[in-house]
Asker: 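Next up is a structure, given as structure tokens.
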Amino acid sequence: MSLTDRTPGAASASAGPPPAGGRRTGPTVADVIRAVTTGDLPVRVTGYDGSAVGPADAGITLSIRTERGLSYLLTAPGDLGMARAYVSGDLGLDGVHPGDPYEALRVLKDEMPLRMPPVADAVALVKGLGWERLRPPPPPPQEAAPRWRRVMTGLRHSKVRDSSAISHHYDVSNAFYEKVLGPSMTYTCAVFHSPGDTLEEAQRAKYDLVAGKLALKPGMRLLDVGCGWGGMVRHAAREYGVRALGVTLSREQAEWAQAAIEREGLGDLAEVRHLDYRDAPREQFDVISSIGLTEHIGVRNYPAYFGALRSRLKPGGRLLNHCITRADNRAPHRSGAFIDRYVFPDGELAGPGRLISEIHDAGFEVHHEENLRQHYALTLAGWCRNLVDNWDFCVNEVGAGTARVWGLYMAGSRMAFERNGIQLHQVLATQNGPEGVNGYPLRPDWTP
């Protein structure tokens, strides 16, 4: 029997009631799911046509609510189609909170093997469903343009295009970020001394770790590139008496950060400007921190990027580069379709070996490297908890679709860090002076 055949008057117990007349006229949503999966399903899948497949008592249910949702899945197989259907609301996910769908992602990844159906079955399915199902519906408004269309805003990693990409991700809503990130508005990996640390305690520990590695002292000049909402800038000024300048391509970040600086009475020491790192002042800084910017600049631009930082650093000065990396140097640099379209347009990651080599080749001397992969998994779990706790506010602020994007992105990223799919590396280097003089101690002068 083919996937589209039905015995007159016979209906599967999991397929829902037959239409009037007792005969189905084509394949059901359940038929599609059966065709692309193997073995027993760990979840329940229901369709807009009344069909269903999988155990009725499953803890998690996927509901394909509309024909458009099915078209999303068929026309962009994999994470992009799933994301489109889920973000638009055409794919429901019951049994987990949308602010933290981690458990559903785990089950789908570990326990729901997919397959390509035989060609004849695939053709029969599509023919029975209607060829119009293969016409891609317009994507949800949260989706960025594909890479080939972004050329209209400039070449990849040009200043204009980078500004557009940064705005897509960071200019969502400061009020939304306050609820998800917490009071410090720190959107980078925290450092946990124990899993029981609060998110705010761990973020303070991260800033202190960076400060220790940079050997911050009162009166020093710090440049923080890609400074976000100014967390490192404010911490360095408040706790270490450092004169700190932060630059960010997000206008909303810069406005929030500068207001926070004034509110905290740090205006005589700290400043955040809406500025590309390539346009940062060329005066010589004592130290430079880059916390979460390298992911946005493009791997081919590493030489120019680290060269630009080196040109702004005094001889003997230190650079702390903190960024997400691949787990090895063989993985592709570009991100997957979901991350590229919904989270970080044009984002690229390299392996830790490539990163360290590029820092060396730019003229720095690397002294220390540390992988904080497990810490980022804990950080993302904390952000998901915040999103769950503030879900109604966040939906009212940015809309249900955008809130679902963030839950999906953070839960998926947590899993990737836990399973060593991606890592977070801090690399400490110096700009050496004549004859290799760099002022670096014989042993590290901070407590890791």
Side-chain angles (χ1 to χ4, degrees), residues 1-95 101 104-105 107-140 143 146 148 336-338 341 408:
M1 178 182 287
S2 76
L3 290 169
T4 57
D5 288 337
R6 291 283 184 188
T7 302
S12 165
S14 64
R23 181 181 177 87
R24 293 189 181 277
T25 58
T28 66
V29 171
D31 291 329
V32 176
I33 301 302
R34 290 191 192 96
V36 299
T37 57
T38 61
D40 296 332
L41 297 184
V43 299
R44 180 80 163 169
V45 182
T46 63
Y48 57 85
D49 56 2
S51 66
V53 62
D57 60 351
I60 295 170
T61 298
L62 299 176
S63 302
I64 303 174
R65 295 168 173 166
T66 66
E67 294 183 357
R68 183 177 67 174
L70 182 60
S71 291
Y72 278 138
L73 299 176
L74 293 175
T75 57
D79 64 346
L80 183 58
M82 289 280 287
R84 286 171 171 170
Y86 180 66
V87 170
S88 66
D90 295 308
L91 174 66
L93 188 57
D94 299 315
L105 298 181
V107 169
L108 292 174
K109 182 175 179 63
D110 292 347
E111 303 176 29
M112 192 168 174
L114 302 178
R115 70 181 181 100
M116 286 295 294
V119 173
D121 282 355
V123 171
L125 272 174
V126 173
K127 185 176 180 181
L129 291 167
W131 292 103
E132 66 274 11
R133 287 286 163 270
L134 296 184
R135 184 180 301 116
E143 183 172 316
W148 65 268
F338 167 66
R341 298 287 188 90
L408 189 63

Asker: Look only at the side chain of Arg65 and the backbone of Gly89, and say whether a donor-acceptor pair between them is shorter than 3.5 Å.
Answerer: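 Yes.
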
Asker: Might you point out which heavy atoms bring Ser71 and Thr75 nearest each other, and give the distance in Å?
Answerer: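 Nearest pair, atom of Ser71 first, then Thr75: O-OG1, 2.6 Å.
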
Asker: What closest approach, in Å, do Pro138 and Tyr72 show between heavy atoms, and which atom pair accounts for it?
Answerer: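 Result for this residue pair: O-OH, 2.6 Å.
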
Asker: Please name the pair of heavy atoms, one in Pro101 and one in Leu93, separated by the smallest distance, quoted to 0.1 Å.
Answerer: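 In this case the closest contact between Pro101 and Leu93 is CB-CD2, 4.0 Å.
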
Asker: Does a side chain donor of either Thr66 or Asp90 reach within less than 3.5 Å of an acceptor in the other side chain?
Answerer: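 Distance-only check passes for Thr66 and Asp90.
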
Asker: Does some side-chain heavy atom of Leu134 sit less than 4.5 Å from a side-chain heavy atom of Leu129?
Answerer: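 SC-SC contact between Leu129 and Leu134 ruled out.
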
Asker: Hey, could you give me the CD/CZ distance between Glu143 and Phe338, rounded to the nearest 0.5 Å?
Answerer: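 If I round to the nearest 0.5 Å, the distance is 10.0 Å.
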
Asker: Starting at CG of Asp79, measure out to OH of Tyr86 and round the result to the nearest 0.5 Å.
Answerer: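 With rounding to 0.5 Å, CG (Asp79) is 14.5 Å from OH (Tyr86).
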
Asker: Nearest 0.5 Å, what's the CE-CD1 distance between Met112 and Ile33?
Answerer: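 If I round to the nearest 0.5 Å, the distance is 5.5 Å.
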
Asker: If you compare all heavy atoms of Ile64 against all heavy atoms of Leu70, which two are closest, and at what distance to 0.1 Å?
Answerer: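 Closest approach of Ile64 to Leu70: CG2-N, 3.9 Å.
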
Asker: Closest approach of Ala52 and Arg34, non-hydrogen atoms and distance?
Answerer: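 Heavy-atom minimum between the residues: O-NH2, 4.2 Å.
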
Asker: Quick one: pull up CG in Asp121 and CE in Met116 and give me the separation to the nearest 0.5 Å.
Answerer: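 Between atom CG of Asp121 and atom CE of Met116 there are 11.5 Å.
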
Asker: Could you pull out the closest heavy-atom pair between Val53 and Ala30, with the gap in Å?
Answerer: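 Minimum heavy-atom contact is CB-CB, 4.1 Å.
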
Asker: With rounding to the nearest 0.5 Å, note down the distance linking CG in Asp94 to OG1 in Thr46.
Answerer: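 Nearest 0.5 Å value for the CG-OG1 distance: 7.5 Å.
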
Asker: About how many Å separate CE of Met82 and CG of Leu408, when rounded to the nearest 0.5 Å?
Answerer: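 Here the interatomic distance stands at 8.5 Å.
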
Asker: In terms of heavy-atom contacts, does CG of Asp40 have more than 12 from other residues, nucleotides or ligands at under 6.0 Å?
Answerer: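 No - once you tally the heavy atoms of other residues, nucleotides and ligands closer than 6.0 Å, there are 12 at most.
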
Asker: Please check: side-chain N/O of Arg115 versus main-chain N/O of Ala35, any donor-acceptor pairing under 3.5 Å?
Answerer: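 A pair under 3.5 Å: yes.
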
Asker: Is any side-chain heavy atom of Leu125 less than 4.5 Å from a side-chain heavy atom of Leu74?
Answerer: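 No; the side chains remain at least 4.5 Å from each other.
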
